[in-house]
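Comments concern the structure below.
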Amino acid sequence: METHVRLEPWSAGDFWLLERKNEPAMTQFLGGPEPAAKLADRQRRYEALSAREPAAGRMFRVVWTPAGEGPGGGGGRAESVGSVGFWEREWQGEPVYESGWGILPEFQGHGLAVAALTELLAYVRAHGSRDSVHAFPGTDHPASNAVCRRAGFEYLGDVDFEYPPGVPHPSCDWRYRVGRPPGGLTPSG
């Protein structure tokens with residue numbers, strides 16, 4: 001059975017989700033929880049990113065309606081289960097997008113990260129201006145590396161990637177080619 005999610009632009013009301021994503025279980029591969037001031041700054045950056053033009057990047061709240069509970073299936077109980085986003089960066093002299101995601105622990109293991117990343121890539125194909133999206137999960141994070149593989153990213157090799165900034169972390173460099181023809185998007189995307 002296929003897992004479907006909906007992506008909603010990050011907003012001021014999503015700070016609770018950022019707090020949940022800052023818990024030790026969610027940050028063990030990211031250098032640990034951030035202090036309150038850094039978390040508030042991250043919230044401001046996420047809101048600002050989502051207010052810019054679509055090609056600059058976006059942060060999204062991932063919303064899931066379990067099978068049989070949505071429209072036509074009864075219940076309609078949609079759950080905010082995590083976040084996914086992309087932003088501009090330079091990587092090895094090339095303008096690219098970087099992507100990141102996090103699904104809350106109680107919702108992991110249902111294919112939601114892959115579904116969210118797949119929706120994000122469709123958004124990038126429709127609105128982006130760069131040819132590739134990279135992800136840099138740690139070499140010690142098999143679940144996130146599996147998400148990249150299942151979402152269609154190509155493994156380029158191991159790199160020392162700084163995260164948090166100033167802290168080199170052995171990471172895997174995964175790339176997804178957006179597949180945009182030379183000269184920009186066509187009506188069929």
Side-chain angles (χ1 to χ4, degrees), residues 1-11 14 17-18 20-21 26 29-30 46 49-50 52-73 76-89 91 94-138 141-157 161 163 171-181 184-189:
M1 180 168 70
E2 228 174 291
T3 301
H4 295 283
V5 298
R6 182 175 74 247
L7 303 184
E8 296 187 357
W10 198 268
S11 70
D14 295 326
L17 184 55
L18 195 55
R20 284 288 322 274
K21 288 185 57 208
M26 292 291 296
F29 296 102
L30 300 171
Y46 283 7
L49 182 61
S50 290
R52 292 182 60 198
E53 70 278 2
R58 283 282 184 279
M59 284 305 298
F60 295 99
R61 180 169 41 95
V62 179
V63 179
W64 176 50
T65 302
E69 294 186 21
R77 182 180 56 94
E79 303 250 14
S80 295
V81 299
S83 68
V84 65
F86 73 105
W87 49 93
E88 297 170 317
R89 74 163 300 127
W91 179 245
E94 180 184 344
V96 302
Y97 290 119
E98 182 181 344
S99 60
W101 59 89
I103 301 297
L104 298 174
E106 63 268 29
F107 297 105
Q108 293 175 4
H110 299 285
L112 299 173
V114 173
L117 192 52
T118 300
E119 288 294 318
L120 180 79
L121 294 171
Y123 183 92
V124 171
R125 274 192 300 281
H127 301 285
S129 60
R130 297 179 179 213
D131 293 329
S132 60
V133 179
H134 285 253
F136 300 97
H141 197 331
S144 282
N145 284 290
V147 167
C148 291
R149 189 172 30 261
R150 290 182 57 210
F153 281 67
E154 172 189 9
Y155 172 70
L156 299 180
F161 189 78
Y163 195 85
S171 300
C172 297
D173 182 5
W174 292 90
R175 178 184 64 204
Y176 183 89
R177 290 277 190 201
V178 177
R180 171 175 299 102
L185 293 174
T186 64
S188 62

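Residues: numbered from 1 along the sequence shown.
Annotation: R89, atom CZ; neighbour count of heavy atoms from other residues, nucleotides and ligands within 6.0 Å is above 12.
For the pair E154 and R177, the salt-bridge criterion is not met [side-chain N within less than 4.0 Å of a carboxylate O].
Between atom OG of residue S171 and atom CZ of residue F136 there is a gap of 8.0 Å, rounded to the nearest 0.5 Å. Put simply, CD on E8 and OG on S50 are 11.5 Å apart, with the number rounded to the nearest 0.5 Å. Rounding to the nearest 0.5 Å gives a distance of 12.0 Å between CD of E119 and CG of L112. Atoms CH2 and OG, on W101 and S83 in that order, are 11.0 Å from each other to the nearest 0.5 Å. Interatomic distance, CD of E94 versus CG of D131, reported as 7.0 Å (0.5 Å rounding). Atom CZ of F60 and atom CZ of F86 lie 6.0 Å apart (nearest 0.5 Å).
L117 places a side-chain heavy atom less than 4.5 Å from the side chain of L120. No side-chain heavy atom of V81 sits less than 4.5 Å from a side-chain heavy atom of L104. The shortest side-chain heavy-atom distance between P95 and E88 does not fall under the 4.5 Å cut-off. By the 4.5 Å heavy-atom criterion applied to side chains, C148 and P137 are counted as neighbours.
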Working for ring pair (Phe, Tyr, Trp, His ring centres under 6.0 Å), residues W64 and H110: CA-CA 10 Å; W64 176 50; H110 299 285; 5.5 Å; yes

Working for side-chain contact (heavy atoms from CB on, under 4.5 Å), residues V62 and L7: CA-CA 5 Å; V62 179; L7 303 184; 4.0 Å; yes

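The backbone N or O of A55 sits less than 3.5 Å from a side-chain atom of Y97, completing a donor-acceptor pair. When atom types are taken as modelled, the side chain of R58 and the backbone of L49 share a donor-acceptor pair closer than 3.5 angstrom. A donor-acceptor pair under 3.5 Å is formed between the side chain of S99 and the backbone N or O of H134.
Summarising the geometry of L17 relative to G82, their closest heavy-atom pair is CD2-O, 3.2 Å, with the distance given to 0.1 Å. Between A78 and V63, the shortest heavy-atom contact is CB-CG1, 3.7 Å.
Taking the six-membered ring where the residue is Trp, Y176 and F153 present tilted rings, their angle falling between 30° and 60°. Under the 30°/60° scheme for interplanar angles, the aromatic rings of H127 and Y123 are found to be tilted.
Remark: the W87 side chain and the E98 side chain contain an N/O donor-acceptor pair separated by less than 3.5 Å. Judged by distance alone, the side chains of R61 and Y46 never bring a donor and an acceptor atom under 3.5 Å apart.
For the side chain to side chain contact (heavy atoms under 4.5 Å, CB included) test with W174, the passing option among N145, V147, L156 is N145; the others fail.
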